[in-house]
Structures are given as structure tokens and as C-alpha cells.
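Inspection log for the structure reproduced underneath, given as C-alpha cells.
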Amino acid sequence: MNQTITGFSEQHSVPVVVESFRSTPDDRLRTILASLVTHLHGFVRDIEPTDTEWQQAIDFLTQVGQRCDDTRQEFVLLSDVLGVSMLIDAINNRRSTTATETTVLGPFHMVESPRRPLGADISSDHDGVPCVFSGRVFSSNGTPLPGAEVDVWQANGSGFYDVQQPDIQPERNLRGLFTTDSHGRFWLQTVVPSFYPIPHDGPVGALLKATGRHPNRPAHIHVIAAADGHATLTTHVFIEGSPYLDSDTVFGVKESLIRPVTMVDDPALAAHHRVPNPFQLLEFDIVLDRRQAPR
Ligand code: BEZ
Ligand code: FE
């Protein structure tokens with residue numbers, strides 16, 4: 001048998017390599033490495049890559065690393081398009097049936113949202129159809145949550161975030177951190193976002209192209225909602241009727257998160273929101289789970 005003195009062979013690769021990590025003091029790290037080796041060797045056995053194919057795989061991962069810097073995280077994009085980000089989200093957010101569903105954070109929450117008063121207009125470039133965005137934050141037992149923080153960020157009507165167009169969009173455009181009123185309500189003025197492609201001029205874009213997949217996400221507004229004694233929720237509200245709701249390239253859409261933008265003819269409500277009547281309205285109530293013990 002073609003064996004080295006370590007006992008390594010095609011048939012015995014897994015136990016030999018797992019054994020090499022036997023003395024890892026951190027139990028969790030040892031468990032992770034054993035699983036990684038088992039699955040990775042299984043993958044290689046399944047694929048039986050040629051030397052050239054393995055070199056291509058290494059080159060691809062090298063390019064992914066080389067596209068990462070302070071404003072671009074190509075590894076996160078890779079995790080997103082492979083569905084790993086949404087799987088990790090699902091594993092870490094097993095919630096009560098009443099709580100609002102979660103979805104990916106995405107790479108564009110890279111700057112802090114400015115604190116803004118209720119009713120503020122977060123669009124300073126006015127690129128898009130004006131719209132009021134409002135809702136209430138509740139605890140999972142139905143109690144409204146005053147003083148909850150609602151962090152909102154979104155692309156403009158052309159499908160770009162401020163950080164993607166630093167020379168075009170004003171800083172902190174379409175971002176805001178709001179605090180709910182005594183009834184748990186929040187409201188703000190904004191524009192209806194557009195669908196947009198994830199950054200696809202790098203190796204992840206090349207992967208999508210080579211596999212005939214498009215790079216687009218349906219129109220959405222990102223929300224992080226936080227309240228004392230409750231699990232912080234990271235989610236989106238998706239715009240009903242947007243293209244790509246059925247084929248989000250990062251698998252982030254959940255039916256329960258889709259809402260319509262409706263034309264409202266209500267002079268009193270328009271006056272409350274300080275907008276001309278009639279106006280476009282997007283409503284999204286949020287339910288937070290009471291905090292569970294950390295895993
Ligand atoms: C986003 O929604 O901002 C996003 C999520 C995943 C990848 C790229 C963008
Ligand atoms: Fe987004």
C-alpha cells in the first residue's frame with residue numbers, strides 16, 4: 001500500500017489529518033477543524049479535481065481576498081451568493097412564530113446612520129419617487145415598544161448606496177437612526193428604492209456570469225430594530241412588485257417581508273407627515289422577540 005509514515009493515504013486521509021489536530025486546546029476549534037477536514041476531503045473525493053482545477057480554485061480564492069478592503073468585502077459576497085449567509089442567519093435566528101423574520105445584513109451598513117428626529121427626510125439627493133415609510137415596533141406579546149431604535153438604510157431610485165457614489169451622493173444619504181414614540185411608532189420621509197446589482201465587477205461577479213446567474217437584488221429598505229430586553233432584529237422590507245423578488249441573488253427574500261407602496265389620499269395624514277396630499281406610503285410593523293439566553 002502506498003502509505004507515508006504518518007499513515008496518510010487516499011483512503012485514510014481524514015482520520016490522519018483530524019488526529020493531527022488532537023491536541024488543540026480549544027474544544028470548539030478542534031471540533032470545527034475535524035468537521036472542516038471531513039467535509040473538505042469528502043468534497044475533493046467527490047470532485048476529484050485535476051491539479052489545474054485545484055490551482056484555478058486557489059487562484060479564485062486569491063482574487064476574492066485581493067478584492068477585500070475597507071469598503072469592499074468580496075468574501076461576504078461569496079458567502080451571500082452561495083447561500084451561506086442566509087443559512088447562518090437562519091441558524092442564528094430561530095425565533096418565535098410571531099416575531100418579524102430576519103434577513104442578511106449586507107455589506108452597505110459600513111457607516112453609522114445619523115440620529116434623526118421622527119418625520120425627517122433621509123433623502124438628500126431626491127433620486128426616486130418620494131414616499132413616507134412608517135410602522136410600529138411591538139414586543140412578541142403585542143405590547144408596543146416606545147423608545148425602540150430603528151436603523152434604516154437603503155439604495156436610491158437609481159439603485160446605489162451613498163458609499164458606492166461618494167462623488168455623487170451626499171454623505172449619509174438615505175440613512176437614519178430613529179427612536180419610536182410613546183406608542184412604538186416611527187415614521188420618516190424617503191424615496192422608493194430601486195432594485196440593484198450587488199457589486200459584480202470582481203471574482204464573485206465572474207462566478208455569477210460563468211454560471212448564467214444575474215447579480216440583482218429586489219428593491220428593499222434595510223432595518224435593524226433594537227429595544228431593551230429584546231433580541232435585536234436585522235431585516236429588510238421588500239417592495240411589492242419589484243423585479244427579482246423571486247430570484248434574489250443572495251436568497252434574502254421572505255414572503256412575510258414584502259409590502260406594497262400605496263397611494264394614500266388623506267389630507268390629515270399628509271399634514272401629519274408634512275407631505276403634499278395624496279402621497280405614497282410604505283408601512284412595515286416590526287415584532288421583536290423578548291431576549292433569550294445567549295447560546
Ligand atoms: C444589500 O442588501 O445591501 C446586499 C446584501 C448582500 C450582498 C450585497 C448587498
Ligand atoms: Fe441592500
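Count residues from 1 along the sequence. Just follow the structure's listing: the first ligand is 1, and inside any ligand the first atom is 1.
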Can you tell me the protein heavy atom closest to atom 7 (C) of ligand 1 and the distance? Asp80 OD2, 3.1 Å
Residue His222 vicinity, atoms of ligand 1 by number, heavy atom under 4.0 Å: 1 (C), 2 (O), 3 (O)
For atom 3 (O) of ligand 1, what's the nearest protein heavy-atom neighbour? Residue, atom name and distance, please. Tyr196 OH, 2.8 Å
Arg217 N/O to ligand 1 N/O under 3.5 Å: yes
Starting from atom 5 (C) of ligand 1, locate the nearest protein heavy atom and write down its residue, its atom name and how far away it is, to 0.1 Å. Gly106 CA, 3.5 Å
side-chain hydrogen bond (donor to acceptor under 3.5 Å, both in side chains) with Ser79: which residues, sequence neighbours excluded? Ser85
Heavy-atom contacts with Ile198 under 4.0 Å: which atoms of ligand 1 show up? List them by number with element. 7 (C), 8 (C), 9 (C)
Within one Ile-Leu-Val-Met-Phe-Trp-Tyr cluster: Ile286 and Val152, side-chain cutoff 4.5 Å: yes
Give the residue, atom name and distance (to 0.1 Å) of the protein heavy atom nearest atom 9 (C) of ligand 1. Pro107 CD, 3.2 Å
Side-chain (Ser35) to main-chain (Thr31) donor-acceptor, under 3.5 angstrom: no
Work out whether the distance between some heavy atom of His220 and some atom of ligand 1 is less than 4.0 Å. yes
Using a 3.5 Å distance criterion without hydrogens, assess whether the side chain of Arg136 forms a donor-acceptor pair with backbone atoms of His183. yes
Would you say the side-chain atoms of Asn216 and Thr249 include a donor-acceptor pair closer than 3.5 Å? no
Indicate whether the side chain of Arg213 and that of His200 have a donor and an acceptor atom separated by less than 3.5 Å. no
Which of the atoms in ligand 1, numbered in the order shown and given with their element, are less than 4.0 Å from a heavy-atom of Leu77? 7 (C), 8 (C)
Evaluation steps, side chain to side chain donor-acceptor pair (under 3.5 Å), between Ser139 and His230: CA-CA 8 Å; Ser139 180; His230 291 75; 2.8 Å; yes
Could you check, using the six-membered ring where one of them is a Trp, whether Tyr244 and His220 have ring centers closer than 6.0 angstrom? no
Under a plain distance cut-off of 3.5 Å, with no hydrogens placed, do Asn156 and Asp125 share a side-chain donor-acceptor pair? yes
Do you see a donor-acceptor pair shorter than 3.5 Å between the side chains of Thr232 and Arg291? no
Asp266 and Asn277: side chain to side chain donor-acceptor pair (under 3.5 Å), yes or no, with the steps? CA-CA 7 Å; Asp266 182 336; Asn277 189 58; over 6 Å; no
Mind checking whether Val76 contacts ligand 1 via backbone (N, CA, C, O), side chain (CB onward), both or neither, at a 4.0 Å heavy-atom cut-off? neither
Under 2.8 Å from the Fe ion (ligand 2), which protein N, O or S atoms do you find? Ignore water molecules. Tyr161 OH, Tyr196 OH, His220 NE2, His222 NE2
Number the atoms of ligand 1 from 1 as they appear, then name those within less than 4.0 Å of a heavy atom of Val250, with their elements. 6 (C), 7 (C)
With Phe133 as partner, the option from Phe178, Phe279, Phe186 fulfilling ring-ring contact (aromatic ring centres under 6.0 Å, His included) is Phe186
Is ligand 1 under 4.0 Å from a heavy atom in the side chain of Trp153, in the backbone, in both, or in neither? neither
